[in-house]
2 protein chains.
Amino acid sequence: MAIQRALPAEGDQPDRWEAQLRKGAVEMAALASLWQGRLYGLEIIRFLESQSQLALAEGTIYPILNRLKAEGMLTSEWVEAEAGHPRKYYSLTDAGRQRLRQMAEAWTSFSRGLSRLLEPVVQQQEKTQ
Amino acid sequence: MAIQRALPAEGDQPDRWEAQLRKGAVEMAALASLWQGRLYGLEIIRFLESQSQLALAEGTIYPILNRLKAEGMLTSEWVEAEAGHPRKYYSLTDAGRQRLRQMAEAWTSFSRGLSRLLEPVVQQQEKTQ
DNA sequence: CTTTATACCTCGTATAACTATATATAGTGC
DNA sequence: GCACTATATATAGTTATACGAGGTATAAAG
């Protein structure tokens, strides 16, 4: 097993704030990943990593999925895999779809507000495009 | 004094997630509010409330300002007001400007990723515009 | 001198995500 | 049939963050 620990010492906080940007968006992203069909846990992680900037650990996504399920936002079903461990597939419920729509709306509004705020800051960088 | 405590029981979570969307963006917003010139604490709150969706409490902004100051991102100076309590004006340092640019860049990238993820969700709502 | 308005500050608490680790299933080599 | 490995789900403990409630300070108004 080779514990290895690494223990990053967290003395450096070069991207401390970058991690914070993600907070709160993770739940919405998890719901969004299921919009087009059911996925299982690790699949959600891979999907979000490929489709957006969200690189989530397993210890992050499973508690969120369980919470969302407890709140009735999604359902789960075990599916036998042809090889390896069986997979628990998650699907959005109607309540989940509705909540996601509300969250997306709030996100869009919030995102626009912040973008407006950052316009003067970003302008200096966008010499191109 | 009637401590009162209130203890909101937090049984209702109608906008629990909405508050979470803001996390991590607050520090960036605080820096951004100072981009065009110095402001004092309450002024920052009012500015952000009028310019974006961010309604911050005093208990939120003051610890952040102190932290940013301790990190060398901004400076402060007391200024006598013509009436009432003196005001502590905050200004961005060069390091603060640089950090804000980096944060804005990361935010933009992250925001685009999430928006892309939410496109299928939002499309159904945007019948107009 | 009390009240009101403005402004700054801090403590305690609840919440959320992440790190590290544990558990479960099944295929592979011997 | 037993270790070893890969895949997958799960959770306990830590840390970071925002916020609500209260407190302090200054000065004008009554």
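Letters A, B, ... mirror the listed sequences (proteins, then strands); counts begin at 1.
- In this entry the distance linking CD of A:Glu80 with C1' of D:dT9 reads 14 Å, nearest Å.
- With C:dC8, C:dT10, D:dT11 as the candidates, the nucleotide lying closest to the side chain of A:Pro63 is D:dT11.
- Between A:Tyr89 and A:Tyr40, the ring planes lie perpendicular to each other; the angle is over 60°, past the 30° to 60° tilted range.
- The residue among B:His85 and A:Ala25 whose nearest nucleotide of DNA chain C lies closer to the 5′ end is B:His85.
- Contact annotation: B:Tyr62 side-chain N/O to C:dT10 OP1/OP2 distance is not under 4.0 Å.
- Rounded to an integer number of Å, the gap from CZ of B:Arg46 to C1' of C:dA5 is 11 Å.
- As judged by a 4.0 angstrom heavy-atom cut-off over every strand, B:Ile64 is placed among residues touching the sugar-phosphate backbone only.
- Listed candidates were D:dA8, C:dC8, D:dT17. Nearest to the side chain of A:Leu42 is D:dA8.
- Counting to the nearest Å, the P atom of C:dA17 and the CG atom of A:Asn66 are 13 Å from each other.
- You'll find that the side chain of B:Ala83 is closest to D:dA28, out of D:dA28, C:dT10, D:dT9.
- Atom P of nucleotide D:dA10 and atom CG of A:Leu65 are separated by 8 Å, given to the nearest angstrom.
- The distance between atom CG of A:Leu56 and atom P of C:dA16, rounded to the nearest whole Å, is 16 Å.
- Counting to the nearest Å, the P atom of C:dA24 and the CD atom of A:Glu58 are 17 Å from each other.
- Counting only distance, with no hydrogens or angles, the side chain of B:Arg116 and the backbone of A:Gln51 share a donor-acceptor pair below 3.5 Å.
- Under a 3.5 Å cut-off, the side chain of A:Ser109 and the backbone N or O of A:Glu105 do not form any donor-acceptor pair.
- Within 4.0 Å of B:Tyr90, counting heavy atoms only, lie sugar-phosphate atoms of the nucleic acid but no base atom.
- When each of A:Arg97, A:Arg38, A:Met73 is checked for a side-chain contact (heavy atoms from CB on, under 4.5 Å) with A:Leu92, only A:Arg97 meets the rule.
- The side chain of A:Arg87 contributes no N or O atom lying less than 4.0 Å from OP1 or OP2 of C:dA24.
- For the pair B:Thr93 (side chain) and B:Gly72 (backbone), a donor-acceptor distance under 3.5 Å is present.
- Note: NZ (A:Lys88) to C1' (C:dT23) measures 13 Å, nearest angstrom.
- Distance OH (B:Tyr40) to C1' (C:dA5): 12 Å, rounded to an integer number of Å.
- Residue contacts shown for A:Gly59 include a base, since a base heavy atom lies under 4.0 Å away.
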